[in-house]
Amino acid sequence: MSRYDPAAIEARWQKAWEEAGIFKAKADPSKPKYYVLEMFPYPSGRLHMGHVRNYTMGDVIARYKSSTGHAVLHPMGFDAFGMPAENAAMASGGHPKDWTYANIDTMVEQMKPLGLSLDWTRMFATCDPEYYGQQQALFLDMLAAGLIDRKPAVVNWDPVDMTVLANEQVIDGKGWRSGAEVEKRELTQWFFKISDMADELVDALGDLDDWPAKVRLMQENWIGRSRGIEIRFERTDGGDPILCYSTRPDTMRGASFIAVAPDHPVAKALEADRPDLAAFIDECRKMDTTEAAMEKAEKKGIDTGVRVKHPVYPDRELPVWIGNFVLMDYGTGAVFGCPAHDQRDLDFARKYDLPVQNAFYMPGDTTEVGNEALVPAKSEVVSFIDHFAGVGDVTSQEAIDATIDWFEAQGLGTGQTQFRLRDWGLSRQRYWGCPIPVVHCDACGVVPEKKENLPVELPYDNAGEPIDFSIPGNPLDRHPTWRDVPCPACGAPAQRETDTMDTFVDSSWYYTRFTAPRAETPTEPEAVGYWMNVDQYIGGIEHAILHLLYSRFFARAMIKTGHLPETAAEPFDALFTQGMVTHAIYKSVKDGRPVYHYPEEVTLKDGKAFVGEMEVETVPSAKMSKSKNNVVDPQAIVSQFGADTARWFVLSDSPPERDVEWTASGAEAAYKHLTRVWNLCDRIGQMDQSAPGQGDQDLLREMHKCIRDVTSGVESFGFNAAIAKLYAFTATLQKSKASHAAQREAVMTLAQLMAPMTPHLSEDIWAHQGGDGLCARAPWPQADEAMLVEDTVTLPIQINGKRRDEITVAKDMPKDEVEKLVLANDAVVKALGGNAPKKLIVVPGRIVNVVI
RNA sequence: GCCCGCGUGGUGGAAUGGUAGACACAGGGGACUUAAAAUCCCUAGGCAGGAAUGCCGUGCCGGUUCGAGUCCGGCCGCGGGUACCA
């Protein structure tokens, strides 16, 4: 008897698939097409289990769709620009390009043995000049179409390293390398005008039926459409009025101060003459720019001395403060504070001793606000007393609408729809990204590069000398032979833009490029016409907002610039967000800085973790991340047990949308099971073919149930449940005494049902049993409805909602007959004690509940 | 802080509002073996009980319902995102 030998089997079948060329995507008008895409990886250097999980899920779908007669496109590429490559070059010399391509090679080498049904001929990396050159062409078309803007924006500035820092590089307000206090600095930056599309980006979410509701909700909240009002406050000193935006104008009566952003014109105008204001504004400039940090920071302010009149009660004067919590780029950069009905404003008012006055009460109550603001939901009824807009007991929403109408009628303000969504700043002051294809000319201003000069390629070296990445700042700035070029318009000496694009740009259109990856234009009409949209997109929930929103914007921009058909406005028909593979983090502290240890360095003793003799801290269950070193390498599993085991295991234990904590046990169990299946096939192959069997019908009935359950499991991303059914059916088959013919049919069907998960093993079984051609080409088995019909059904009997007994009845037994049987049931008779039940609930085919 | 999720045995988890714990891991018992490994069989939520069986049980508190892991409200804990990590 031979043994299950995955190494031999997997190499053999991978070769057979390659020779048959069955994974090459071929447009075939006679077939329905299916485009399945997993979010492409960043080439960090090694594949981790999260990648394996992601690509295996996609592969299950791709192989399943292929066996149901679809022309499948299942490509792979690399999201290859980004900071880690520059950091690696900074830390250990070398070149980001070399580092990146070496990593890509390694990862492809690691992916190939997994047996994924990928069309490798379509592979590209976003750092290929052929790709980013087309991206530059897209940029120029979008610029011409008015979809791009240039305006000032604030960045994190490290005054010691003289460089711009990413948020990730700012730790407790200090630069990660220099340790210097980070400042804000204003630079002129390029922006995609995504906020112009805010309305349609919200509205279209409603049609994305095959997207998770949570993702649609997150995007809706992120875009944050709100109806509010812009109110004009006149200054008592006759200066320019201050415009405030509010979504809660119903609280206007309680307005007691105005807060403006530190960079609001009112604040800026006073800065020169008021050292105290200047100092406060300066302090605000040093604050962390992230939203989380801003919101969590202590709310502080300073009185400017400026006063405005309350628009409804002109004899009330409101002080104008600068608040560190007001954002210049949302609304008008100024808000009115109503302490009674906003907790933040109340805290602020108590801190700085500002008045608190109710605009309304809850009905029947006139309690003044203490330290808790009165903030009813918009659907709650509130009671307005002495209100200018004449509202009485109404819901807050009605009051908001009435107030907006009233303000508009009085000419004191205008109703406005505001969005939380800001324009997408794409400029990055970094080397390893797609160069922005424009030239700055003293005479002509900003001049787009000519398309025939694309790609604007990144220089590999600097006039023959290696680029020194250890010097902070953007090397393109100190690269005269690359930077200094003639103006494309007038020919005078000019300079290239040295900023590169945000890497989110690269990933916002790659899915269209896969349809014609070598085309001379960004897309190719016939190819996008056939393959778009992506039928199933699969990736991490961490991309729920930014990547997916930017991609949706880009698809629309590509329609406007003629690169996509109208039908591709929503490029991803269905989205599945998988959970992450998590793993404990092992952490120690050295010289005041955290040090992260690799799992393989750690030994576990008595629930404590040690590296050598040193005990280290264990942080349970965190996202696998290169910077935390808690990454598990799948290669060990593959070389020990084979790809089929790795694939089976990552699908078997956890539901795909949930996070899974990686543990070493379990992989072995998967291997044992696959060995069992292989041995089963072997045994059936050696059966006496003429011997009579028993229970053929029972076996085949179970087989058809298994087909039904696995099919629905695969179609609904219930891979773990599908695998549970496969375990159960394998056990049934093992115990079966059925004839050779029935067992052979069962094991071949089993192989087919397992094929999306364990394609190599399935091919081997298929071949052993004399299957026709490749298992991967065989049509998906169909469940025979006639075999699935059951004639009896078991009904649990509940008494007061608790299960007490069960009865088996004919499937179509009428309700009244079931009732008679139930009332005659021993447990029921005993519980009733001669009384009639209060209620008898019979749900046909489901359950019976006797209420006593 | 804000937005969005998640929470079920020792563990991963299953369960269209209808028998909570499928399937699997680890465990316990047994068969085979000189022995071990491998394999196979049985067992298994907790408490009480010899058993039959009873009570309790899906993070916590409350609600809707004949019936709630599932729906609603309020908490607690954990995770993701928070616009320059990808």
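Values below: all heavy atoms of this structure, side chains included; hydrogens, waters and symmetry mates excluded. Below, chains carry the letters A, B, ... as their sequence lines are ordered, and counting in each starts from 1.
- Remark: B:U39 base-pairs with B:A31; criterion is Watson-Crick or G-U wobble with both hydrogen-bond distances under 3.5 Å.
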Query raised in the report: How does each nucleotide of nucleotides 15-22 of chain B score, in 5' to 3' order, for protein heavy atoms under 4.0 Å: base (B), sugar-phosphate only (S), or none (-)?
Result: -B-BB--B
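- Nucleotides B:G21 and B:G9 are separated by 14 Å at their P atoms, to the nearest Å.
- With a 4.5 Å cut-off on side-chain heavy atoms, A:Trp424 and A:Asp502 count as touching.
- Of the nucleotides present, none pairs with B:U70 by Watson-Crick or G-U wobble criteria with both distances under 3.5 Å.
- A:Arg804 comes within 4.0 angstrom of sugar-phosphate atoms only, judged by non-hydrogen atoms across all strands, and of no base.
- B:U33 and B:G49 have their P atoms separated by 40 Å, with the value rounded to a whole Å.
- The distance between the ring centers of A:Phe81 and A:Tyr132 falls below 6.0 angstrom.
- A:Ser654 has a side-chain polar atom (N or O) that falls below the 4.0 Å cut-off from OP1 or OP2 of B:G13.
- Using a 4.0 Å cut-off, no side-chain N or O of A:Lys214 falls inside it from OP1 or OP2 of B:G5.
- To the nearest whole angstrom, the two P atoms, one in B:U58 and one in B:U11, are 15 Å apart.
- A straight line from CE of A:Met218 to P of B:G5 spans 7 Å, rounded to a whole angstrom.
- In this structure, A:Phe348 has its ring center under 6.0 Å from that of A:Phe325.
- One finds a salt bridge joining A:Glu298 and A:Lys351 here, because a Lys/Arg side-chain nitrogen approaches an Asp/Glu carboxylate oxygen to under 4.0 Å.
- When the C1' atom of B:U82 is taken as reference, atom CD1 of A:Ile223 falls 15 Å away, rounded to whole Å.
- The interatomic distance linking A:Leu651 (CG) with B:C23 (P) rounds to 20 Å, in whole Å.
- B:C71 sits 24 Å from B:G80 when the P atoms are compared, rounded to a whole Å.
- Base pairing analysis places B:G7 opposite B:C76; the two distances defining the Watson-Crick or G-U wobble pair are each below 3.5 Å.
- Residue side chain A:Gln189 reaches the base of B:C84 through a donor-acceptor N/O pair under 3.5 Å, judged by distance alone.
- Going from the P atom of B:A24 to that of B:A14 covers 15 Å, rounded to whole Å.
- Partners of A:Asp342 by salt bridge (charged side-chain N to carboxylate O under 4.0 Å, His left out), not counting sequence neighbours: none found.
- Between the P atom of B:C4 and the CD1 atom of A:Ile545 lies a distance of 10 Å, rounded to the nearest Å.
- The two atoms that bring A:Ala836 and A:Leu832 nearest to each other are C-CD2, 4.1 Å, heavy atoms only.
- Here the rule is side-chain contact (heavy atoms from CB on, under 4.5 Å) with A:Asn103, and of A:Pro41, A:Pro43, A:Pro84 only A:Pro43 fits it.
- Considering only side-chain N and O atoms, A:Arg658 lies nowhere under 4.0 angstrom from the phosphate OP1 or OP2 of B:G5.
- Taking atom C1' on both B:G50 and B:G27, the two are 24 Å apart, rounded to the nearest angstrom.
- Between the C1' atoms of B:G63 and B:G17, the separation comes to 16 Å (whole Å).
- Scanning both residues, A:Ile799 and A:Ala831, for their nearest heavy atoms gives CD1-CB, 3.7 Å.
- For B:C6 and B:G12, the C1' atoms lie 15 Å apart once the distance is rounded to whole Å.
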